[in-house]
Every structure is written in C-alpha cells, then in structure tokens.
S.K.: 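Just dropping this structure here.
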Amino acid sequence: ARVALSVGGGRAEPDVSTRAQCPDTRVGAMSHPRNRHMRRPDKRGEYFFDRDPRCFQIILNFYRTGRVFLPHDTGNAVTSATVAAESSAE
C-alpha cells in the first residue's frame with residue numbers, strides 16, 4: 001500500500017516494499033504494525049516531513065536501489081553531507 005508523504009512542499013508516494021528496504025529509518029519504521037503511533041496523517045491523509053524535497057528524492061532512490069546517486073544539476077546545493085543530515089530520524 002502506498003502512503004502520501006508531504007516533504008518540504010514536495011510529494012512522494014513510496015509503496016510498502018520501498019519503505020521496507022530501510023526499516024530502521026523513520027519512513028521505514030512508520031509502516032511496521034508496532035509503530036501505529038507514528039501514523040498520524042493530516043486532514044488530506046498525508047504525512048508531513050520537514051525536510052528538503054531535493055534530498056528526499058535522493059533518499060527514496062536509495063531505498064529503491066541501495067545506492068546514493070547525487071544529481072549533477074544541483075551544484076553544491078545537495079551534497080552527501082546534506083543527504084545524510086536530511087535522512088536522520090527526528
């Protein structure tokens with residue numbers, strides 16, 4: 001099942017198999033039955049993450065592929081350090 005994630009003004013809908021790739025992360029953990037308390041969508045049914053949407057797309061691609069690919073078109077705006085900081089759980 002897909003969930004709608006609102007990330008810094010962007011939107012993503014990763015399915016359960018994608019989210020399950022990284023169960024120790026916030027996005028991965030929220031899908032586990034024991035973490036029902038983490039599932040509090042807003043009135044549109046979306047889960048809000050106060051994160052950089054450019055970094056989040058890189059993080060989702062990591063969930064899918066197991067590798068980090070930094071796009072060349074972001075210049076210095078997205079680095080491995082910013083992706084690591086954005087991927088940390090709060």
Side-chain angles (χ1 to χ4, degrees):
R2 292 182 178 272
V3 295
L5 305 177
S6 174
V7 183
R11 192 165 190 273
E13 291 188 40
D15 63 27
V16 71
S17 64
T18 298
R19 297 187 318 265
Q21 295 303 308
C22 299
D24 295 330
T25 65
R26 186 170 161 197
V27 173
M30 69 185 282
S31 300
H32 195 281
R34 75 173 181 272
N35 294 326
R36 192 171 297 225
H37 66 281
M38 296 177 78
R39 295 189 294 271
R40 293 191 187 119
D42 63 17
K43 56 187 158 192
R44 294 178 302 195
E46 296 179 346
Y47 297 88
F48 178 73
F49 288 82
D50 187 16
R51 295 290 193 223
D52 184 326
R54 297 169 301 179
C55 291
F56 197 73
Q57 288 303 316
I58 294 167
I59 293 164
L60 283 181
N61 284 334
F62 173 77
Y63 278 53
R64 292 179 186 114
T65 66
R67 298 182 67 195
V68 174
F69 297 98
L70 297 177
H72 297 289
D73 62 348
T74 61
N76 292 330
V78 178
T79 65
S80 58
T82 58
V83 171
E86 289 291 310
S87 67
S88 67
E90 288 188 341

S.K.: Nearest 0.5 angstrom please: Cys22 SG to Leu60 CG, how far?
M.R.: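 Between Cys22 SG and Leu60 CG, I get 9.5 Å after rounding to 0.5 Å.
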S.K.: Answer yes or no: is there a side-chain heavy-atom contact under 4.5 Å between Phe62 and Thr25?
M.R.: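 No, every pair of side-chain atoms sits at 4.5 Å or beyond.
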S.K.: Using atom types as modelled and distance alone, determine if a side-chain donor or acceptor of Gln57 lies under 3.5 Å from a backbone N or O of Pro53.
M.R.: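 No, Gln57 side chain to Pro53 backbone: no donor-acceptor pair under 3.5 Å.
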S.K.: Does Phe69 form a side-chain contact (heavy atoms from CB on, under 4.5 Å) with Ile58? I'd like the steps, not just the answer.
M.R.: CA-CA 7 Å; Phe69 297 98; Ile58 294 167; over 6 Å; no
S.K.: Taking atom CZ of Arg64 and atom CG of Asp15, what is their separation to the nearest 0.5 Å?
M.R.: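 Here the rounded value is 8.0 Å.
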S.K.: Measure the spacing between CG of Leu5 and CZ of Phe48 and express it to the nearest 0.5 Å.
M.R.: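 So the gap between those two atoms works out to 11.5 Å.
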S.K.: For the pair Arg26 and Phe49, evaluate side-chain contact (heavy atoms from CB on, under 4.5 Å) and give the outcome as yes or no after the intermediate values.
M.R.: CA-CA 10 Å; Arg26 186 170 161 197; Phe49 288 82; 3.3 Å; yes
S.K.: Which heavy-atom pair separates Pro41 from Gly45 by the least distance, and what is that distance?
M.R.: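 Closest pair (atom of Pro41, atom of Gly45, distance): CB-C, 3.6 Å.
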S.K.: Test your reading of the model: is there a side-chain donor-acceptor pair from Thr65 to the backbone of Asn61, 3.5 Å cut-off?
M.R.: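 Here the side-chain-to-backbone pair exists.
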S.K.: Can you confirm whether more than 12 heavy atoms, excluding those of Arg11, are under 6.0 Å from its CZ atom?
M.R.: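 More than 12 within 6.0 Å, yes.
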S.K.: Side-chain contact test, heavy atoms from C-beta onward, threshold under 4.5 Å: evaluate it for Pro14 versus Arg19 and give yes or no.
M.R.: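 SC-SC contact between Pro14 and Arg19 confirmed.
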S.K.: Using 0.5 Å steps for rounding, measure from the OG atom of Ser17 to the OH atom of Tyr63.
M.R.: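 One gets 12.5 Å once the value is rounded to the nearest 0.5 Å.
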S.K.: When rounded to the nearest 0.5 angstrom, what is the spacing between CD in Glu13 and CD in Glu46?
M.R.: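 Those atoms lie 8.0 Å apart.
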